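One structure is given below, encoded as structure tokens.
These numbers were taken from a predicted model, which means no experiment stands behind them. Every heavy atom of this structure was used, including side-chain atoms; hydrogens, water molecules and symmetry mates were not.
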Amino acid sequence: MGDGWDLLTRIKGPRDLDRLGPEQLEQLAGEIRSFLVDAVSKTGGHLGPNLGVVELTIALHRVFDSPKDKVLFDTGHQSYVHKLLTGRQDFGRLKSKGGLSGYPSRAESEHDIIENSHASTVLGWADGLAKANQVLGRDDHVVAVIGDGALTGGMAWEALNNIAAAKDRPLVIVVNDNERSYAPTIGGLANHLATLRTTDGYERFLARGKDILERTPVVGRPLYETLHGAKKGLKDFIAPQGMFEDLGLKYVGPIDGHDVEAMESALQRAKRFGGPVIIHCLTEKGRGYQPALQDEADRFHAVGKIHPDTGLPIASSGVDWTSVFGEEMVKLGNERADIVAITAAMLQPVGLEKFAKAFPDRVYDVGIAEQHGAVSAAGLATGGLHPVFAVYATFLNRAFDQVLMDVALHNCGVTFVLDRAGITGTDGASHNGMWDMSILQCVPNLRIAAPRDADQVRAQLREAVLVDDAPTVVRFSKGAVGPAVAAVGKVGGMDVLRRPSEGPADVLLVSVGALAPMCLEIADLLDKQGISTTVVDPRWVKPVDEALPPLAEQHRVVVTVEDNSRAGGVGSAVAQSLRDAGIDIPLRDFGIPSRFLDHASRKELLAEIGLTAPDIARQVTGLVSRIDGRMTGELAAEEITRD
């Protein structure tokens with residue numbers, strides 16, 4: 001740590017904050033912001049959200065006694081300051097293998113209670129922990145920090161409904177209101193919070209009135225008390241925080257989230273209250289860092305490696321999958337007036353920003369509400385439009401029931417575009433998009449496309465939006481798109497990427513999506529071992545192409561390679577199709593094991609789980625050798641029997 005962080009280096013745990021005075025706290029806040037810009041610019045990470053919660057987090061740890069008191073963060077990408085104040089100040093390998101996680105992590109610290117990095121869940125956790133305290137007679141406090149964006153998720157309101165029912169169960173909810181999730185927060189709740197932000201006009205009115213009336217003889221004090229008693233009704237007229245209070249939740253705020261003293265005062269009052277309290281604090285995402293404040297898109301919500309002075313990216317990784325999709329969506333929008341787009345508070349991250357600029361009346365941001373987004377898509381399709389719902393693969397998990405029972409059951413022509421499919425790496429277990437092709441396998445009539453390159457993203461997106469009687473899915477990876485992988489032929493609807501120069505092949509290698517270059521490398525390695533290989537890309541991996549079983553029958557071994565969980569994935573579907581066709585042939589399915597993967601680079605994780613060309617080629621070579629050995633043994637046995 002550098003010389004500019006003298007106070008910060010002395011903070012080994014939350015109680016070290018207790019001895020700091022107001023001026024030192026202000027200095028500490030400045031040092032934390034300086035540290036975050038310096039550290040995150042070198043590694044990449046969630047910069048804007050953490051710059052916005054510095055004073056808020058300091059106040060939390062001065063008022064509450066973590067880890068005895070449970071301090072919970074919704075989503076968790078704003079927990080960097082929390083890490084710094086709980087003794088974790090080595091950010092040199094943030095989000096890298098062996099370094100700090102970008103989210104709370106139980107393996108790192110007893111101060112990290114939950115590891116969720118999917119939004120809108122913290123209030124459910126807090127409700128359960130508060131109930132446990134009550135049942136077990138503990139005096140621990142539970143504090144849940146949730147952003148205004150996460151409050152747009154339905155789960156948050158389901159939890160609030162339960163929390164409010166227990167008037168005597170202590171629970172403090174801190175609403176971190178920065179008007180943004182990734183982008184500016186959308187929806188009716190956002191409008192309500194915006195109204196609450198204007199309540200300072202009422203407070204100034206009341207203060208002026210008190211000053212005037214108290215100088216008025218005889219009637220001044222009684223009249224002021226009468227007006228003050230009417231505060232609830234008057235404030236409801238000016239700022240309807242009654243939405244919270246009508247639920248039965250004590251409301252405090254709005255509070256300046258960058259004023260440590262004000263935050264501490266509000267938190268102390270809430271701590272003493274003995275029931276559920278909402279503290280509404282206003283913060284500024286990206287505070288203290290001008291490049292972030294000037295970034296209208298998302299205030300540097302998440303950045304790669306950047307120059308700390310300018311905020312400009314240090315290196316460009318080339319054209320990425322997301323931008324290819326985004327460009328093609330604009331073309332489709334120009335060609336078809338019925339194409340509309342849906343995003344769940346992630347317009348820019350999923351590539352829909354250009355579509356929104358071109359067709360502002362044909363894009364719908366539903367907030368962090370994937371379930372609602374999927375049902376709304378079913379309604380749009382039934383109404384005669386073709387919705388394209390772009391969402392991270394890991395977040396579609398949240399809307400499975402709606403995909404199954406609303407979209408598929410009703411044969412709705414909805415296209416789900418899954419960004420960040422497969423291993424994404426540095427964001428850890430919650431963000432690897434490794435479940436989608438497994439959980440969607442059981443959805444009747446749904447079709448899944450796995451493009452191998454940019455050309456196929458464009459082509460298969462177009463094929464998907466032509467389907468108007470069933471849901472379609474187009475999934476692609478995170479990061480830069482590799483070079484185009486040309487087909488050398490076609491079998492049924494499958495592209496043949498490689499075939500032996502002569503004679504039948506030993507191995508049929510089924511390549512799924514972005515792993516096509518690796519599968520061609522596997523074929524090269526097998527060829528050097530004298531094992532010939534046919535490589536096919538099914539393009540549409542659900543349903544299994546009817547031409548696949550007959551093609552498999554012409555080979556000795558079938559191998560599937562996918563960037564998805566092995567449990568119930570494409571390999572399982574191919575195996576079932578072979579069984580259904582009565583084809584008894586050895587099959588090996590390579591994919592992601594059914595376990596949560598720690599944060600590391602995609603390359604490191606692929607190596608860790610053995611999903612690399614040398615690892616797979618080695619195992620396939622061993623399988624073929626065992627088959628040859630068995631065949632040799634069987635032939636020898638036949639000769640002995642014959643003799």
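- Counting only heavy atoms from C-beta outward, the side chains of Ile583 and Val558 never approach each other to under 4.5 Å.
- Residues Ile339 and Arg362 meet the side-chain proximity criterion, which asks for heavy atoms closer than 4.5 Å.
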Let me see the working for Gln78 and His46 under side chain to side chain contact (heavy atoms under 4.5 Å, CB included), right down to the final yes or no.
-> CA-CA 7 Å; Gln78 78 283 46; His46 288 98; over 6 Å; no

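- Within the model, atoms CG of Asp468 and CG of Leu385 stand 12.5 Å from one another, a figure rounded to the nearest 0.5 Å.
- One side chain, Asn564 or Ser438, offers a donor N or O that lies under 3.5 Å from an acceptor on the other.
- For an aromatic pair to be called close, the ring centres must be under 6.0 Å apart, and Tyr392 with His118 fails this.
- Atom NE2 of His555 is separated from atom CG of Leu509 by 10.0 Å, given to the nearest 0.5 angstrom.
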Decide salt bridge (charged side-chain N to carboxylate O under 4.0 Å, His left out) for Asp598 and Lys97; before the verdict, give the C-alpha distance in whole Å, the side-chain angles of both, and the deciding distance to 0.1 Å.
-> CA-CA 8 Å; Asp598 290 335; Lys97 188 172 185 177; over 6 Å; no

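- Note: Leu440 CG to Ile448 CD1 = 5.0 Å, rounded to the nearest 0.5 Å.
- No donor-acceptor contact under 3.5 angstrom links the side chains of Arg398 and Gln371, judged on distance only.
- If you take OG1 on Thr415 and CZ on Phe389, they are separated by 12.5 Å, rounding to the nearest 0.5 Å.
- Remark: Asp563 CG to Phe476 CZ distance equals 13.5 Å, nearest 0.5 Å.
- Of the N and O atoms on the side chains of Ser577 and Asp580, not one donor lies less than 3.5 Å from an acceptor on the other residue.
- A donor and an acceptor atom, one from each side chain of Ser511 and Asp537, are nowhere located under 3.5 Å apart.
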Apply salt bridge (charged side-chain N to carboxylate O under 4.0 Å, His left out) to the pair Arg539 and Asp495, showing each step before the final yes or no.
-> CA-CA 7 Å; Arg539 302 183 72 252; Asp495 281 348; 3.8 Å; yes

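- Here the side chains of Met437 and Lys542 are not in contact, with every heavy-atom distance at 4.5 Å or above.
- Here the side chains of Phe395 and Arg420 are not in contact, with every heavy-atom distance at 4.5 Å or above.
- The closest side-chain heavy-atom distance from Val340 to Val388 is not below 4.5 Å.
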Show your reasoning for whether side chain to side chain contact (heavy atoms under 4.5 Å, CB included) applies to Gln348 and Thr343.
-> CA-CA 9 Å; Gln348 185 184 37; Thr343 175; over 6 Å; no

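- With no hydrogens or angles considered, no side-chain donor-acceptor pair links Asp628 and Ser625 at under 3.5 Å.
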Go through the steps for Glu608 and Arg595 under the test salt bridge (charged side-chain N to carboxylate O under 4.0 Å, His left out), then give the verdict.
-> CA-CA 12 Å; Glu608 179 183 316; Arg595 62 184 175 88; 3.4 Å; yes

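- Considering Val536, Val535, Val510 as possible partners of Cys519, the one that fulfils the side chain to side chain contact (heavy atoms under 4.5 Å, CB included) test is Val535.
- Between Val403 and Asp406, every side-chain heavy-atom pair lies at or beyond the 4.5 Å cut-off.
- Within 6.0 Å of the CD atom in Glu546, the count of heavy atoms belonging to other residues, nucleotides or ligands does not exceed 12.
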Step by step, work out the ring-ring contact (aromatic ring centres under 6.0 Å, His included) result for His599 and His431.
-> CA-CA 9 Å; His599 59 281; His431 277 56; over 10 Å; no

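- In this structure, Lys490 places its NZ atom where more than 12 heavy-atom neighbours from other residues, nucleotides or ligands lie under 6.0 Å away.
- Atoms CD and CZ, on Gln460 and Arg452 in that order, are 8.0 Å from each other to the nearest 0.5 Å.
- For the residue pair Ser532/Asp506, the side-chain donor-acceptor check at 3.5 Å is satisfied.
- Put simply, the residue from Thr424, Ile592, Ile423 that forms a side chain to side chain contact (heavy atoms under 4.5 Å, CB included) with Met434 is Ile592.
- With Thr382 contributing its side chain and Ala378 its backbone, the two residues share a donor-acceptor pair below 3.5 Å.
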Val391 and Val350: side chain to side chain contact (heavy atoms under 4.5 Å, CB included), yes or no, with the steps?
-> CA-CA 6 Å; Val391 61; Val350 297; 5.6 Å; no

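- When side chains are defined from C-beta on, Met405 does not count as touching His410, because their heavy atoms never get closer than 4.5 Å.
- When side chains are defined from C-beta on, Val557 does not count as touching Leu587, because their heavy atoms never get closer than 4.5 Å.
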